[in-house]
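A note on names: the letters A, B, ... follow the listed sequences, proteins ahead of strands, and every chain is numbered from 1.
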Amino acid sequence: MKNIFKNLFSKKNLSRTISFLMVTLAYILIEVMMNTVGMSRLFKSLLVPTCCYIILALSLNLVVGISGELSLGHAGFMAIGAFTAVIVSGLTLTTVTNDILRLIISVAAGSIVAGIFGFIISVPVLKLSGDYLAIVTLAFGQIIKSLITNIYLGIDSKGLQMSFVTNTLNLEGGKMLLSGPMGATDTAKISNFTSGFVMILITLFVIYSMINSKYGRAIMSARDNRIAAESIGISITRTKTLAFVVSSILAGMAGALYALNYSTLQPAKFDFNTSILALVYVVFGGLGNINGTIISTTILYILPELLRSLQDYRMLIYAIVLIVVMQLTNSAKVKNYLEKLNKKFFRKGAAE
Amino acid sequence: MTFLTYLISGLALGSVYAIIALGYTMVYGIAKMLNFAHGDIIMAGGYVAFYAFSKFGLPSYLCIILSIAVSTIIGVIIERLAYKPLRQASSLSVLITAIGVSYFLQNAAQLMFGSDTKIFPAMLTEGSLKMFNGQLTISYLTIITIVTCIIIMVGLTAFINKTKIGKAMRACAEDKGAAQLMGINVDTTISVTFAIGSGLAAIAAVLLCSTYPSLSPTLGSMPGIKAFTAAVFGGIGSIPGALLGGMLLGVIENLTKAYISTQLSDAIVFTVLIIVLLIKPTGLLGKKENVKV
């Protein structure tokens with residue numbers, strides 16, 4: 001027992017233990033609060049989206065922080081996951097009556113399809129490097145968004161029907177699953193906070209297992225020194241592809257969770273700004289830092305909502321916070337000061 | 001003839017993209033950063049010109065000069081306050097700061113001018129040139145746009161190749177440390193680059209708003225992304241590349257809108273970009289850098 005405990009808090013596993021503890025505690029706390037003192041509607045409505053953005057940010061962190069490639073199109077994978085999940089959920093509405101089972105099927109489908117797209121996209125993307133890679137991911141995000149904006153998909157007695165660019169569907173009874181720029185309408189809301197929590201745990205499990213495995217070390221070595229990693233026999237393309245595909249699967253999962261929380265969803269939701277938002281969360285939390293990402297996403301997602309009383313000024317304040325934090329974290333003076341503080345408080349710990 | 005009409009209006013749109021792309025490419029070449037706030041400087045320039053013209057009734061040339069001056073000042077202030085302290089920071093921190101600046105400008109504009117869309121007045125010119133017995137109609141605005149773009153290109157190339165500050169800019173783009181050792185003031189050079197880029201953004205703003213006469217706080221985002229794409233398309237850091245990339249992007253966009261589909265034009269433009277980058281990984285005119293161990 002003592003050994004397990006020691007192992008959990010060893011230097012290697014500390015971050016993982018903290019992640020799981022933090023998320024679980026937050027979940028328990030919120031559940032208890034909901035069932036005792038109650039919670040405002042606004043706050044309740046923020047729970048699932050926060051979970052989605054945490055998963056999205058964690059998945060992006062895998063590409064940007066761990067694998068070291070800038071992706072500006074992660075909202076695209078989220079969109080694929082979201083609309084696949086909506087379609088699957090709509091198709092299985094009558095056959096699978098159990099909500100939880102249907103949620104699992106839809107989310108799995110969303111993740112898998114996003115993963116397949118991730119693989120297809122990674123082939124051209126990983127041939128490039130640096131800013132050129134970033135712009136190609138941006139382009140893919142835009143392409144996916146504008147394709148989904150043009151898909152009309154409906155189901156009736158004759159089965160699944162689809163048209164592209166213009167709505168030529170003539171449904172007999174039945175219903176529309178996707179209607180172009182309007183996106184998904186009339187989706188059954190089946191995801192909830194508990195499912196969001198479980199999916200965060202799955203995400204954490206996947207990411208930590210990956211980081212602590214031989215593949216994770218290969219990915220990080222390719223990030224730190226590409227040539228050195230190549231010279232000891234690590235296939236750069238293969239490791240980067242792995243990170244990219246796993247990341248797109250997770251982003252798809254985030255999208256699926258997000259989509260099934262709303263009855264309507266427009267493709268325009270997953271635009272360039274959403275990708276950028278996720279990137280902001282990752283950079284704020286610290287590249288490659290998983291706990292940092294979770295905390296920064298929670299704070300930065302809820303902050304603009306808390307500032308709602310300031311109305312028009314809230315996004316202005318948000319922008320100023322972004323700029324100021326970036327200035328502070330990169331200023332030599334602040335860094336020195338933090339180091340001094342760190343020494344003062346943790347000197348004993350360091351001596352042990 | 002209709003094809004020619006679409007081609008020429010595509011070239012005009014491409015000229016606007018090229019002028020904006022110049023700002024991206026010059027800043028990238030020298031400061032090695034993606035200035036995401038560049039698109040919002042276009043928006044600022046647009047509003048200045050709008051208010052100068054319709055509220056204060058200034059003549060249009062004064063409006064344009066005022067717009068250029070204000071944009072230049074905004075650009076330099078942003079560089080000094082937000083980007084300069086981050087010169088040694090990681091490129092991602094700079095990127096996030098640029099995003100912050102972009103949000104700031106958009107929301108400040110929304111607070112100051114309201115979020116409603118304003119109709120931009122025809123301040124440059126009206127009417128059009130008819131050729132071939134009226135079969136081909138080119139508006140004067142189109143001609144002005146293309147000519148302005150060409151003048152800017154020629155002027156800028158001369159500036160960079162012939163003047164002392166241009167030489168300093170090239171030196172900084174090559175190697176900042178070495179440039180400093182040679183007595184070049186790197187900070188001033190970067191500020192000048194931002195000033196030029198922002199001034200050009202104001203010109204682009206007037207041209208863009210005259211062609212598509214609606215003005216809103218988010219005006220700059222989409223042209224910004226497109227121009228950034230154009231800069232990468234032509235090879236980021238290269239000035240002729242920005243011209244080529246911008247023109248191609250404008251023409252492709254207009255022709256797809258005319259002949260394939262309006263809704264799919266973005267998808268097609270970005271697909272072409274990806275194909276180009278796969279064939280030429282550093283853009284059409286970009287230089288390939290060899291990595292030494």
- Look at atom OH of B/Tyr6 and say whether more than 12 heavy atoms of other residues, nucleotides or ligands are closer to it than 6.0 Å. no
dist A/Gln142:CD -> B/Lys226:NZ (nearest 0.5 Å) comes out at 8.0 Å
* Just wondering, are more than 12 heavy atoms of other shown residues or ligands nearer than 6.0 Å to CD in B/Glu174? -> no
In terms of heavy-atom contacts, B/Ala108 and A/Leu316 come closest through N-CD1, 3.5 Å
Pair count under 4.5 Å, heavy atoms only, with chain A: among B/Ser93, B/Ala89, B/Ser115, highest is B/Ser93
For B/Gly100 and A/Leu322, the nearest pair of non-hydrogen atoms, with its separation, is CA-CD1, 3.8 Å
If one checks every heavy atom of B/Gln263 against chain A at 4.5 Å, the contacting part turns out to be both
query = More than 12 heavy atoms of other residues, nucleotides or ligands under 6.0 Å from CZ of A/Phe83: is that the case?
reply = yes
- Over 12 non-hydrogen atoms of neighbours within 6.0 angstrom of CZ in A/Phe272: yes
Looking only at B/Leu92, B/Leu81, B/Thr262, the option with the highest number of non-hydrogen pairs under 4.5 Å against chain A is B/Leu92
Heaviest contributor of heavy-atom pairs below 4.5 Å to chain B, chosen from A/Thr149, A/Leu70, A/Val321, A/Ile135, is A/Ile135
Turns out that what part of A/Val64 lies under 4.5 Å from chain B's heavy atoms comes down to side chain
With chain B, the option among A/Val136, A/Asn225, A/Val324, A/Leu133 that has the most non-hydrogen atom pairs under 4.5 Å is A/Val136
Scanning both residues in full, the closest heavy-atom pair of A/Ile143 with B/Ala267 reads CG1-O, 3.7 Å
- Item | Chi angles and distances behind the side-chain contact (heavy atoms from CB on, under 4.5 Å) call for B/Leu264, A/Leu147 | CA-CA 7 Å; B/Leu264 286 178; A/Leu147 288 183; 4.1 Å; yes
Between the CD1 atom in B/Ile274 and the CZ atom in A/Phe140, the distance rounded to the nearest 0.5 Å is 3.5 Å
Quick one, A/Val280 with B/Tyr103, criterion side-chain contact (heavy atoms from CB on, under 4.5 Å). Give me CA distance, side-chain angles, the key distance, then yes/no.
CA-CA 12 Å; A/Val280 169; B/Tyr103 282 168; 5.6 Å; no
More than 12 heavy atoms of other residues, nucleotides or ligands under 6.0 Å from CZ of B/Phe104: is that the case? no
So, the part of B/Thr229 with a heavy atom under 4.5 Å from chain A: the answer is both
Original post:
Between A/Gln327 and B/Ala82, is there a donor-acceptor pair closer than 3.5 Å when you use the side chain of the first and the backbone of the second?
Top reply: yes
>> If you count heavy atoms of other groups shown closer than 6.0 angstrom to CZ of A/Arg238, is the number above 12?
In response: no
Step by step, would you call A/Leu279 with B/Leu95 a side-chain contact (heavy atoms from CB on, under 4.5 Å)?
CA-CA 10 Å; A/Leu279 187 67; B/Leu95 186 72; 3.6 Å; yes
The reported gap from CD1 in A/Ile276 to OG in B/Ser102 (rounded to nearest 0.5 angstrom) is 9.0 Å
From the list A/Pro124, A/Ala134, A/Ala139, the residue making the most non-hydrogen contacts under 4.5 Å with chain B is A/Ala139
Under 4.5 Å to a heavy atom of chain B? For A/Leu138 that would be side chain
Ranked by heavy-atom pairs below 4.5 Å to chain A, first place among B/Leu86, B/Asp266, B/Val101 goes to B/Leu86
Max heavy-atom pairs within cutoff under 4.5 Å with chain A, candidates B/Ile268, B/Leu105, B/Thr97, B/Val269, goes to B/Thr97
inquiry  = Does atom CE (A/Met220) have a neighbourhood of more than 12 heavy atoms from anything else shown, all under 6.0 Å?
reply    = yes
In terms of heavy-atom pairs under 4.5 Å with chain A, the winner among B/Ile225, B/Val94, B/Leu273 is B/Ile225
